[in-house]
Amino acid sequence: MKIVTWNVNSLKARLPLVLDYLRAAKPDVALLQETKSTDDSFPTLEIEELGYNIARHGQKSYNGVAILSKLQLEDVRSGLPGDPADDQARYIEAVIAAPGRPVRVASIYAPNGNPVETPKFDYKLAWLARLQTHAAELLAYEEALVLGGDMNVILSDDDVYDPRAWEGDALFRPESIGALRTILNLGMTDAYRACHTEPHRYTFWDYQAAAWSKDHGIRIDYLLLSPQATDRLQACAIDKQVRGWEKPSDHVPVWAEIGE
DNA sequence: ATGCCGGGCGAAGCCCGA
């Protein structure tokens, strides 16, 4: 089962690119973030034509997450538990009903958190703490689980072109790194790092300052696997070439192959 | 370089992202 995560930065603006990618890469499951689509404005027909079932959780203008799956979706849950007052559409999960070998997946868009020293950073840390609590609950199921998405955290100096340039940024603050490490320490595996040890492999390049042509990127999009999913991990890669396509997102897809 | 792009909203210019 090929599972891809991708922050598309507006599904409406990116629809031709997304459809091209789905046709070429043929993922069984696509976890999308920053769809910026309400559930009513979601391009359902175009995506269903490619053979995908859809679960989406959107809002107007901002955020928005979705799960596309060629297999049936079950037990769909929208919204990250832990704060009924939080109305930002940043989390959706579902079970991919592979016969005999189901996989629970989540599409996650963690808050950016900038500028620090503002409520935005507090919200980010509180949100990641809620994700930790929920991840612990899901891990207790002892099933194949894939938490995929834009975590908005740079885990180490190896995941950024110039650590000094990001010093103090909400994505690289010790509190942010600690929050994501705490989730990994529950027993989850960073799929890309399980397959690749070489440093300086990125998933995001800013539109500005010629970041792409200079390879000034950061790795902030992850597939986090439960032990049961890690046992089935066969391959993982970053589809970097998509950043060079026409009218790209600033993020690129990251995929993992989870065996049967 | 706390906004150089790029998108949403909505029809000019502000909000937001990382």
Side-chain angles (χ1 to χ4, degrees), chain A residues 5-19 21 32-43 56-66 86-91 107-128 131 148-180 192 200-222 238 240 242-254:
Chain A
T5 181
W6 189 12
N7 179 323
V8 296
N9 185 17
S10 173
L11 190 49
K12 181 182 173 190
R14 214 67 58 210
L15 191 58
L17 189 83
V18 170
L19 296 177
Y21 178 79
L32 305 182
Q33 300 90 37
E34 278 208 273
T35 60
K36 299 185 179 177
S37 304
T38 62
D39 293 351
D40 288 340
S41 66
F42 200 95
R56 71 267 189 279
H57 177 46
Q59 67 184 93
K60 192 176 170 72
S61 303
Y62 305 116
N63 307 316
V65 286
D86 182 4
D87 58 1
Q88 297 193 30
R90 296 180 176 275
Y91 184 92
S107 180
I108 296 172
Y109 177 45
N112 175 299
N114 279 304
V116 296
E117 314 295 345
T118 71
K120 294 196 173 199
F121 190 58
D122 299 333
Y123 174 69
K124 174 179 192 152
L125 295 180
W127 201 94
L128 288 171
L131 181 61
D150 174 3
M151 304 302 175
N152 265 319
V153 175
I154 301 165
L155 270 176
S156 80
D157 287 4
D158 287 346
D159 299 309
V160 52
Y161 68 97
D162 179 5
R164 288 169 301 176
W166 287 81
E167 193 177 347
D169 190 279
L171 279 68
F172 204 35
R173 283 279 294 245
E175 301 94 322
S176 306
I177 296 168
L180 187 52
Y192 186 75
H200 305 298
R201 294 295 181 268
Y202 310 128
T203 65
F204 169 92
W205 295 260
D206 202 296
Y207 290 118
Q208 303 177 84
W212 168 240
S213 60
K214 294 177 180 172
D215 198 26
H216 286 181
I218 53 178
R219 191 172 73 96
I220 56 175
D221 300 272
Y222 299 87
I238 299 170
K240 179 179 180 181
V242 177
R243 187 61 177 80
W245 289 7
E246 192 177 345
K247 207 172 188 296
S249 170
D250 38 8
H251 298 249
V252 296
V254 181

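Every chain is numbered from 1 and lettered A, B, ... according to where its sequence line falls, protein lines coming before strand lines. As the structure is a computational prediction, the values presented were derived from the model and not from experiment.
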Please measure how far the [atom1] atom in [N] lies from the corresponding atom in [M], and state the result in whole Å.
N	M	atom1	result
B:dA1	B:dA12	P	34 Å
B:dT2	B:dA11	C1'	28 Å
B:dC15	B:dG10	C1'	13 Å

N/O donor-acceptor pair under 3.5 Å between A:Trp6 side chain and A:His251 backbone: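 Present.
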Under 4.0 Å, counting only non-hydrogen atoms across every strand here, what does [X] touch: a base, just sugar-phosphate, or nothing?
X	answer
A:Asn152	sugar-phosphate
A:Asp150	sugar-phosphate
A:Lys124	nothing
A:Asp221	nothing
A:His216	nothing
A:Tyr109	sugar-phosphate

Taking the side chain of [X] as its heavy atoms from C-beta onward, which of [options] lies nearest to it?
X	options	answer
A:Tyr207	B:dG6, B:dG8, B:dG3	B:dG6
A:Asn9	B:dG7, B:dC16, B:dC9	B:dG7
A:Lys120	B:dG17, B:dG10, B:dG3	B:dG17

Please report, rounded to the nearest Å, how far the [atom2] atom of [N] is from the [atom1] atom of [X].
X	N	atom1	atom2	result
A:Tyr62	B:dG7	OH	C1'	10 Å
A:Asn7	B:dC5	CG	C1'	15 Å
A:Phe121	B:dG17	CZ	P	14 Å
A:Trp127	B:dG17	CH2	P	14 Å
A:Ile154	B:dG17	CD1	C1'	14 Å
A:Asp206	B:dC16	CG	P	17 Å
A:Lys247	B:dG7	NZ	P	4 Å
A:Lys60	B:dC16	NZ	C1'	15 Å

Pair A:Asp159-A:Tyr192, side-chain donor/acceptor within less than 3.5 Å: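 The criterion, which ignores hydrogens and geometry beyond distance, is not satisfied for A:Tyr192 and A:Asp159.
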Phosphate contact (B:dC16 OP1 or OP2) by A:Lys36 side-chain N/O below 4.0 Å: no
Phosphate OP1/OP2 of B:dG6: any A:Arg14 side-chain N/O under 4.0 Å: no
Nearest-0.5 Å distance that lies between atom OH in A:Tyr161 and atom CD1 in A:Ile154: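 Nearest 0.5 Å value for the OH-CD1 distance: 9.0 Å.
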Residues forming a side chain to side chain donor-acceptor pair (under 3.5 Å) with A:Asp215, sequence neighbours excluded: A:Trp205
Close side-chain approach of A:Val8 to A:Tyr21, heavy-atom, < 4.5 Å: no
Most 5' of A:Leu11 and A:Phe204 on DNA chain B, judged by nearest nucleotide: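 Looking at DNA chain B, the more 5' nearest nucleotide goes with A:Leu11.
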First of A:Ser10 and A:Ala209 reached from the 5' end of DNA chain B, by closest nucleotide: A:Ala209
By salt bridge (charged side-chain N to carboxylate O under 4.0 Å, His left out) - contacts of A:Asp221 (at least two apart): none
